[in-house]
Engineer: 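What follows is a structure written as structure tokens; I'll ask about it next.
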Amino acid sequence: VENVRLLDRLSSRKAALGTLYLTATHVIFVENGSEARKETWVLHSQISSIEKQATTATGCPLLIRCKNFQVIQLVIPQERDCHDVYISLIRLARPVKYEELYCFSFNPKLDKEEREQGWKLVDLTEEYNRMGIPNNYWQISDVNRDYGVCDSYPTEVYVPKSATAHIIVGSSKFRSRRRFPALSYYCKDNNASICRSSQPLSGFSARCLEDEQMLQAIRKANPGSDFLYVVDTRPKLNAMANRAAGKGYENEDNYSNIKFQFIGIENIHVMRNSLQKMLEVCELKSPSMSDFLWGLENSGWLKHIKAIMDAGIFIAKAVAEEGVSVLVHCSDGWDRTAQVCSVASLLLDPYYRTMKGFMVLIEKDWVSFGHKFNHRYGNLDGDPKEISPVIDQFIDCVWQLMEQFPCAFEFNERFLIHIQHHIYSCQFGNFLCNSQKERRELKIQERTYSLWAHLWKNRADYLNPLYRPDHSQTQGTLRPQMPPCNFLYKFWSGMYNRFEKGLHPRQSVTDYLMAVKEETQQLEEELEVLRERLTNLQKSQLNDNKVKSKRQDRSKELGLSTSNNSLANTPQEYSNDLKSFPSRSPSQGDEEDSALILTQDNLKSSDPDLSANSDQESGVEDLSCRSPSGGGCLPSEDSGKDSDEAVFLAV
Amino acid sequence: MLRCSQPLTGPNRKRCREDEMLLGTVLDEGERGFIIDTRSAQAAKQARMTGGGTEPKSSYPQWKRLHRPLERGRPLQESFIKLVEACNDTSINMDRWLSRLESSRWLSHVKAALSTACLAAQCMDREEASVLVHGAEGTDTTLLVTALAQVILDPSCRTLGGFQGLLEREWIEAGHPFHLRCARSAYSHARLKQEAPLFLLFLDCVWQLSHQFPFSLEFSERLLLTLFDNAYASAYGTFLCNNEKERRESTHSLWAWLNQPGEKKKYLNPLYSHNALVIWPSVEPQSIQLWQGLFFRWIRSSQYLDEAWAEIQRLVEGN
């Protein structure tokens with residue numbers, strides 16, 4: 001469709017005119033005439049909602065909201081075209097079969113072996129080995145090898161040595177969705193563990209011997225403690241209400257030596273609404289401070305983030321400080337449980353704060369344990385009531401921790417943002433379907449590529465320059481500061497306002513420091529080479545002198561050959577490798593995200609695209625602040641100038 | 001950019017030829033200028049009743065007046081007190097923190113101050129017009145705007161030395177009554193009439209700039225905190241009095257101490273690189289953050305953040 005306008009979300013004056021394309025996988029807007037031929041690409045799988053707004057004199061507005069928080073406002077001149085686009089997008093954004101998803105057509109031109117290697121990058125058996133399992137207390141069980149016990153669990157589960165197949169099967173019959181208690185994290189220092197499950201089908205008074213034995217086995221697998229914490233991450237009221245439906249929670253009287261604890265984290269519907277409200281605040285046109293703070297509080301988003309963190313902190317403390325094992329569950333054990341177990345693991349074990357370790361963590365607590373990616377993030381068209389930003393919240397928690405402990409993580413904010421992006425993009429096969437079983441049935445590993453391999457290949461972009469494996473912050477347990485530190489949770493504008501260039505510092509300190517670090521390293525290498533060369537030179541001069549005294553007639557020859565040798569010894573080209581001192585361009589800043597919106601170029605190469613604009617920190621020509629669409633009270637006599645200045649006029 | 005106090009128009013709309021001529025000489029034939037009045041239009045009008053007022057358009061035809069109300073005096077002090085109370089309140093849970101923060105209105109004041117300074121800067125840099133700033137007295141919000149505008153516009157004000165010079169010019173010599181304004185800070189029950197944290201508001205705005213432009217200020221947060229401390233209680237005489245007339249020479253200068261080589265390096269920003277351009281901050285709510293380094297200074301440990309800065313220093317020095 002031609003003559004379409006792409007509006008800047010906050011300034012109607014900054015509209016770009018161009019052509020809109022719809023392909024099988026993307027919506028693409030190509031700007032007319034600009035030298036850079038600026039393109040905006042949006043994957044259909046990223047589209048969360050499409051809104052057709054009332055036709056105005058200028059055309060028919062269409063608002064596309066994406067799951068990665070990009071909001072695109074188009075104005076299509078003809079109502080009929082707009083309607084066509086609208087209907088097409090509705091269909092394209094709601095695929096019915098997996099085969100429609102991008103990952104099945106995405107081709108990064110790797111061979112079969114590379115694809116396989118990519119999938120092998122993260123290996124959970126290796127991970128449990130790293131934890132120290134199997135050992136005297138824990139073992140791997142194949143009881144679920146054909147998904148016969150629990151179809152949302154992996155084939156390989158880790159259980160206490162004393163938990164026989166009989167106990168496991170019995171316990172699974174007493175748990176919602178058959179999700180019996182299984183190991184998430186084991187602390188070899190003190191044998192404390194984190195296990196996870198779903199709620200017991202206890203109703204008001206039902207009991208199950210095997211389930212009680214299962215918990216006992218978990219407790220006994222930690223000889224250092226005589227009791228076990230059972231943490232229900234639901235609000236007490238919700239858990240109690242579940243009893244009427246024949247489910248519920250563990251009665252301390254029935255289970256020997258457990259200490260039961262509610263930690264109220266709200267359910268997926270509350271979280272869905274919370275995000276919705278927060279995004280509405282983000283869409284306000286030039287809000288006042290008051291509008292923003294009230295809106296943010298009203299959404300409850302940060303309160304929920306804090307609740308998840310508090311739960312993680314409680315569990316980490318129980319394991320690290322008290323040496324007590326914890327069994328965590330919610331209702332079905334695949335949402336709040338996943339969030340809380342992974343936050344606790346991050347706090348406890350520095351390995352999960354490395355790039356590789358983080359990938360492993362997500363594979364373990366989210367992918368393998370059957371978090372319902374398809375239902376929650378809408379790979380396929382489904383029940384809107386299943387949609388909920390569960391993993392987004394977890395990623396937000398990680399960011400909060402990174403802000404509190406800037407030296408503790410090997411990866412940077414961009415890593416988190418790209419992971420979130422790809423959970424929704426369906427460009428890679430890692431986050432498809434609802435369980436390992438479904439993914440294997442679809443032969444995901446043979447037909448798609450792994451995100452982890454892709455990120456790993458580009459890991460230089462994701463490093464945190466402040467991370468040092470020997471730094472104090474990277475050792476041992478992280479201890480976030482406790483109340484009254486409510487204020488320490490911040491609104492993550494880097495994520496939720498990701499595409500609003502005006503909001504962010506135009507230069508990335510991270511990228512600058514990474515460049516400094518690399519340059520220093522190269523300079524040091526160069527220095528080393530020069531030192532070697534100097535030593536060699538000195539040595540050969542010494543020989544030269546010795547020879548000189550004996551054979552002066554041939555000294556010249558020798559001297560020449562020596563100097564030739566030293567020239568020949570000069571390493572070649574290294575000086576050309578030395579990068580120029582990092583410029584102040586925010587090239588890794590605002591434009592980088594457009595690379596995630598795949599263009600033909602970077603379909604082959606890695607994202608992000610670093611060839612973006614080279615404005616200095618604040619362009620004279622391009623105000624970094626957004627301007628409301630309202631008029632300003634600057635006189636319009638000399639209105640030849642760009643009127644972004646309006647922004648300062650509305651306080 | 002010029003600054004002054006309000007014209008004494010009074011209820012009878014008095015005129016003053018000299019004042020009109022003075023402002024007339026600033027502008028060339030056909031040029032226009034902007035007057036930024038830091039009072040609301042209504043407050044400015046009401047000021048006439050007590051002998052003050054605004055510049056009538058007919059008498060100052062080349063000047064266009066813009067009103068940008070900025071809080072000062074008691075309401076600003078109350079705002080500060082409320083914020084500090086909220087930060088120290090151990091009983092608030094996350095549910096109500098943001099609304100408590102909002103009800104102090106401190107961040108709204110930061111937003112307003114930055115916006116107004118940006119407006120002044122915009123008039124000069126984009127419209128290439130002269131700007132006259134005044135409120136009522138010309139000693140509070142006026143100085144906030146002119147000083148902040150210079151940090152935005154002028155790279156030399158962003159150097160350590162240039163910033164000190166700015167403070168000397170726009171706050172101390174300009175006659176901000178430090179002695180009255182920075183008497184007891186936020187914890188005292190004595191609500192002194194003349195007390196108001198304008199200087200702190202200025203420092204907060206500068207901090208916002210350093211946060212949005214991490215490479216552009218030569219000095220670090222530590223300088224801002226030190227200035228805050230010394231404005232209220234100091235071993236040095238720099239912020240002691242209300243104006244130049246009162247200032248005695250028998251005290252030591254804070255600058256002399258800060259500029260010693262041993263001291264100075266503590267206040268430098270390791271990421272600094274001269275930026276010749278104007279820095280235009282975003283004044284969207286998401287961009288304006290609570291200055292945790294100041295308001296939570298005694299409440300939470302800054303250990304991890306200090307370690308991060310040490311690491312940054314190490315990386316830059318290593319290079």
Side-chain angles (χ1 to χ4, degrees), chain A residues 286-294 296-297 300 302-303 306 404-408 465-466 468 471-473 481 483-491 493 497 502-503 505 507 509 512-513 516-517 519-520 523 584 616-620 623-626 633-635 638 641 645 647-649 651, chain B residues 32 64 66 68 87 89-99 101-102 105 107-108 111-112 115-116 118-119 122-123 125-127 211-216 271 273 275 277-290 292 296 299-301 304-305 307-308 311-312 315-316 318-319:
Chain A
S286 34
S288 67
M289 202 70 220
S290 205
D291 294 334
F292 178 72
L293 291 173
W294 271 109
L296 189 57
E297 179 160 282
L302 291 178
K303 178 183 74 168
K306 181 170 187 291
Q404 283 192 44
F405 300 96
C407 300
L466 300 182
R468 263 191 297 126
H471 195 282
S472 62
Q473 272 182 43
Q481 301 192 56
C485 301
N486 307 300
F487 36 71
L488 289 178
Y489 296 103
K490 300 189 277 198
F491 170 78
S493 74
N497 290 125
L503 283 190
Q507 278 178 269
V509 174
Y512 169 67
L513 289 172
V516 166
K517 215 172 171 177
E519 196 199 48
T520 305
L523 285 171
R584 300 301 182 170
Q616 283 168 285
E617 181 160 56
S618 68
V620 174
L623 277 183
S624 62
C625 34
R626 313 183 308 187
C633 60
L634 280 174
D638 301 312
K641 307 262 177 150
E645 290 85 67
V647 63
F648 298 123
L649 306 181
V651 171
Chain B
R32 54 135 205 242
K64 179 167 170 70
L66 306 171
R68 287 293 173 274
C87 293
D89 189 343
T90 54
S91 68
I92 316 180
N93 60 39
M94 198 65 222
D95 271 13
R96 290 174 291 127
W97 161 249
L98 291 173
S99 51
L101 176 63
E102 194 285 323
R105 309 225 4 101
L107 293 181
S108 299
K111 182 181 197 295
S115 301
T116 308
C118 285
L119 174 63
Q122 209 168 39
C123 292
D125 186 74
R126 297 310 187 93
E127 302 294 318
H211 184 76
Q212 293 194 30
F213 298 95
F215 296 92
S216 296
L271 296 172
S273 160
N275 177 1
L277 299 174
V278 177
I279 54 175
W280 298 106
S282 160
V283 294
E284 294 302 316
Q286 292 95 318
S287 306
I288 296 177
Q289 311 221 342
L290 182 61
Q292 291 198 7
F296 299 145
I299 299 171
R300 59 110 179 89
S301 162
Y304 305 112
L305 300 172
E307 283 172 3
E311 194 57 30
I312 292 175
L315 283 175
V316 171
N319 183 268

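Basis for what follows: all heavy atoms, side chains included, without hydrogens, waters or symmetry-related copies. Residue numbering restarts at 1 for every chain, and letters A, B, ... go by the order of the sequence lines.
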Engineer: Looking at every non-hydrogen atom in both residues, tell me the closest pair between Met289(A) and Ser108(B) and how far apart they are.
Structural biologist: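 Closest heavy-atom pair between Met289(A) and Ser108(B): CB-OG, 3.3 Å.
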
Engineer: Checking side-chain contact (heavy atoms from CB on, under 4.5 Å) for the pair Tyr304(B)/Gln404(A): CA distance, chi angles, key distance, verdict?
Structural biologist: CA-CA 7 Å; Tyr304(B) 305 112; Gln404(A) 283 192 44; 6.0 Å; no

Engineer: What heavy-atom pair brings Pro287(A) and Pro285(B) nearest, and what distance separates the two atoms?
Structural biologist: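 Smallest heavy-atom distance, with atoms named: O-CG, 3.5 Å.
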
Engineer: State, to 0.1 Å, how close Ser282(B) and Leu503(A) come at their nearest heavy-atom pair, and which atoms those are.
Structural biologist: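 In terms of heavy atoms, the two residues are closest at OG-CD2, 3.5 Å.
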
Engineer: In the structure I gave you, are the side-chain heavy atoms of Glu307(B) and His471(A) within less than 4.5 Å of one another anywhere?
Structural biologist: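 Yes; the side chains approach each other to less than 4.5 Å.
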
Engineer: Of all the heavy-atom pairs spanning Gln286(B) and Ser493(A), show the shortest one and how long it is.
Structural biologist: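 Looking at all heavy atoms of both residues, the shortest contact is CB-CB, 4.1 Å.
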
Engineer: Taking the side chain as C-beta and beyond, is there a heavy-atom pair between Pro406(A) and Leu305(B) under 4.5 Å?
Structural biologist: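 Yes; the side chains approach each other to less than 4.5 Å.
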
Engineer: Identify, with sequence neighbours excluded, every residue that meets salt bridge (Lys or Arg N to Asp or Glu O under 4.0 Å) alongside Lys303(A).
Structural biologist: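 With sequence neighbours excluded, Lys303(A) shows a salt bridge (Lys or Arg N to Asp or Glu O under 4.0 Å) to Asp95(B), given in chain and number order.
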
Engineer: With sequence neighbours left out, what residues match Glu297(A) under salt bridge (Lys or Arg N to Asp or Glu O under 4.0 Å)?
Structural biologist: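 Salt bridge (Lys or Arg N to Asp or Glu O under 4.0 Å) check on Glu297(A) returns nothing, list empty.
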
Engineer: Nearest 0.5 Å, please: how far is OG in Ser288(A) from CD in Glu102(B)?
Structural biologist: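 Separation between the atoms: 7.5 Å.
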
Engineer: Relative to chain B, which segment of Ser290(A) carries a heavy atom at a distance below 4.5 Å: side chain, backbone, both, or neither?
Structural biologist: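 Both parts, backbone and side chain.
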
Engineer: Thr520(A) and Gly318(B): which non-hydrogen atoms are nearest, and at how many Å?
Structural biologist: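 Reported closest heavy-atom pair: CG2-O, 3.7 Å.
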
Engineer: Between Tyr512(A) and Leu271(B), does the side-chain contact (heavy atoms from CB on, under 4.5 Å) criterion hold? Intermediate values first, please.
Structural biologist: CA-CA 9 Å; Tyr512(A) 169 67; Leu271(B) 296 172; 3.6 Å; yes

Engineer: Under 4.5 Å between any side-chain heavy atoms of Leu107(B) and Phe292(A), yes or no?
Structural biologist: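 Leu107(B) does not reach Phe292(A) side chain to side chain.
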
Engineer: Can you tell which of Leu302(A), Leu293(A), Asp291(A) has the highest number of heavy-atom pairs within less than 4.5 Å of chain B?
Structural biologist: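 Maximum pair count with chain B is reached by Leu293(A).
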
Engineer: Which pair of non-hydrogen atoms, one from Val516(A) and one from Val316(B), has the smallest distance, and what is that distance?
Structural biologist: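 Closest approach of Val516(A) to Val316(B), heavy atoms only: CG1-CA, 4.4 Å.
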
